[in-house]
Protein chains: 2
Amino acid sequence: MEHRIEKIKKQLHSQSYKLTPQREATVRVLLENEEDHLSAEDVYLLVKEKAPEIGLATVYRTLELLTELKVVDKINFGDGVSRYDLRKEGAEHFHHHLVCIECGSVEEIEEDLLLDVEKIVESQWGFEVKDHRLTFHGICRVCQKQAVTASSAEENKK
Amino acid sequence: MEHRIEKIKKQLHSQSYKLTPQREATVRVLLENEEDHLSAEDVYLLVKEKAPEIGLATVYRTLELLTELKVVDKINFGDGVSRYDLRKEGAEHFHHHLVCIECGSVEEIEEDLLLDVEKIVESQWGFEVKDHRLTFHGICRVCQKQAVTASSAEENKK
DNA sequence: TTGTTAAATAATAACGATTATCATTAACAG
DNA sequence: CTGTTAATGATAATCGTTATTATTTAACAA
Ligand SMILES: [Mn+2]
Ligand SMILES: [Mn+2]
Ligand SMILES: [Zn+2]
Ligand SMILES: [Zn+2]
């Protein structure tokens, strides 16, 4: 934890930004909720618990800054809000997501999986890939089981 | 063109929706600008040229309806607006996009490319894939050439 | 035709996420 | 200390989208 904050601090300093208390509080919230996909508002409310004096605008500004520095990735799952996702430590590329269209759960895939596809895109389309966004929409494991249970219950009724 | 409108008309009727003049005008605009990625506002302005009496809310409602029917896909490139993309005729899956981070151009890939990846996701994550969104961010062919030209010009100056 | 109903529409108000503005404060070099 | 610049907090403004409501249209039965 401290190690990662130290790293981010250096990234900020390298572009002559400071790690202010507000920025640090924001980063800590992101680190403590790494598995979630928080909106700016979500982050704001969590930061407020520790540093009640912080303003919403500062959270937005900090998230924007962290996005520029590629500490976080800004992502959009199609509900009306942007969400901020900490880059995995040492990850080359942004990770992928599995969004369940039944329950709304979001699972992560850290494996790259796209190496071959990117090669094809580079060679066949002459496009120099820098980053990617890949999201699958479908039915998660849990909802699949529920569907099976529901349909067998349906069978029994007959 | 007429053929595709006829098809969409049947899709609407199958869910007991009507192809009203406003809806038809909207669909025509989408068909005539199939290569673009229009926002709701863009569609509204183009429809207005032909049917000036149409309201913005109706365009939004129509686009929402067409999205439900999977005639169009709603997509978000990270600028603040949703864009609407007609499904390619007979396409199994939504197509992919190459977004240039230099000039903002958007290129399309109709080839699936994800068959293998989806198999892995299904088998390894137990996730039943229904749809996907894949966007690559990088440098398009044109901007790559410009970079080469610029750097060689730089060389000559020395 | 005429009246009855529900669906669809246009105009516009409301909403909500994000951004801009601006006065105040903190950090810091000289 | 003093001046300078970056950062912040409060809040107004913006802008894409959604909700509301009165009106129009289409379908259809009497
Ligand atoms: Mn994630
Ligand atoms: Mn497209
Ligand atoms: Zn689920
Ligand atoms: Zn380009």
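Throughout, protein chains are lettered first and strands after them, A, B, ... in sequence-line order, and every chain is numbered starting at 1.
If you find the closest nucleotide of DNA chain D to Gln22(A) and to Arg61(B), the one lying nearer the 5' end belongs to Gln22(A). Nearest-nucleotide assignment on DNA chain D puts the 5′-proximal partner with Tyr44(A), out of Tyr44(A) and Glu64(B).
Contact of the Lys9(A) side chain with the Leu12(A) side chain is not registered, since no non-hydrogen atoms from C-beta on lie closer than 4.5 Å.
Among the heavy atoms of the strands lying under 4.0 Å from Arg23(B) are primed sugar atoms or P, OP1, OP2 only; no base atom is included. Within 4.0 Å of Ser39(B), counting heavy atoms only, lies no atom of the nucleic acid at all.
Here the C1' atom of nucleotide dT17(D) and the CG atom of Leu65(B) are 17 Å apart, to the nearest Å. When the P atom of dT25(D) is taken as reference, atom CG of Leu19(B) falls 17 Å away, rounded to whole Å. If you measure from atom CG of Leu38(B) to atom C1' of dT17(D), you get 17 Å, rounded to the nearest angstrom. Asn76(B) places its CG atom 13 Å from the C1' atom of dT17(D), with the value rounded to the nearest Å. Straight-line distance from the CG atom of Asp42(B) to the C1' atom of dT17(D): 15 Å, rounded to whole Å. Look at CG on Leu12(B): it is 16 Å from P on dA26(D), rounded to the nearest Å.
Note on Asp42(B) versus Arg83(B): salt bridge recorded, some NZ/NE/NH1/NH2 to OD/OE distance being below 4.0 Å. Here Lys7(A) pairs with Glu89(A) in a salt bridge; the nearest charged N to carboxylate O distance falls below 4.0 Å.
Between dG16(D) and Ser82(B), no contact under 4.0 Å exists linking OP1 or OP2 to a side-chain N or O.
Annotation: ring pair (Phe, Tyr, Trp, His ring centres under 6.0 Å) contacts of His96(A) (sequence neighbours excluded): His132(A). Listed by chain and number, the residues in a ring pair (Phe, Tyr, Trp, His ring centres under 6.0 Å) with His97(A) are His37(A), Phe77(A), Phe94(A), His95(A) (sequence neighbours excluded).
When hydrophobic side chains of Ile, Leu, Val, Met, Phe, Trp and Tyr are connected at separations under 4.5 Å, Leu115(A) ends up as a singleton with no cluster partners. Through direct or indirect side-chain contacts shorter than 4.5 Å among Ile, Leu, Val, Met, Phe, Trp and Tyr, Ile139(A) is connected to Ile101(A).
The side chain of Tyr60(B) sits closest to dG16(D) out of dG16(D), dT8(D), dA7(D). Each of dG16(D), dA7(D), dA26(D) was ranked by its minimum atom distance to the side chain of Tyr17(A); first place goes to dA7(D).
From the 5' end on, the contacts that DNA chain C makes with chain A at under 4.0 Å to a non-hydrogen atom open and close at dA17(C) to dT21(C).
Among Arg87(A), Arg28(A), Arg4(A), the single residue meeting the salt bridge (charged side-chain N to carboxylate O under 4.0 Å, His left out) criterion with Glu34(A) is Arg4(A).
The main-chain N or O of Val129(B) is never found under 3.5 Å from a side-chain atom of Glu118(B) such that the two would form a donor-acceptor pair.
Against DNA chain C, the stretch residues 52-59 of chain B makes heavy-atom approaches under 4.0 Å through Glu53(B), Ile54(B), Gly55(B), Ala57(B), Thr58(B).
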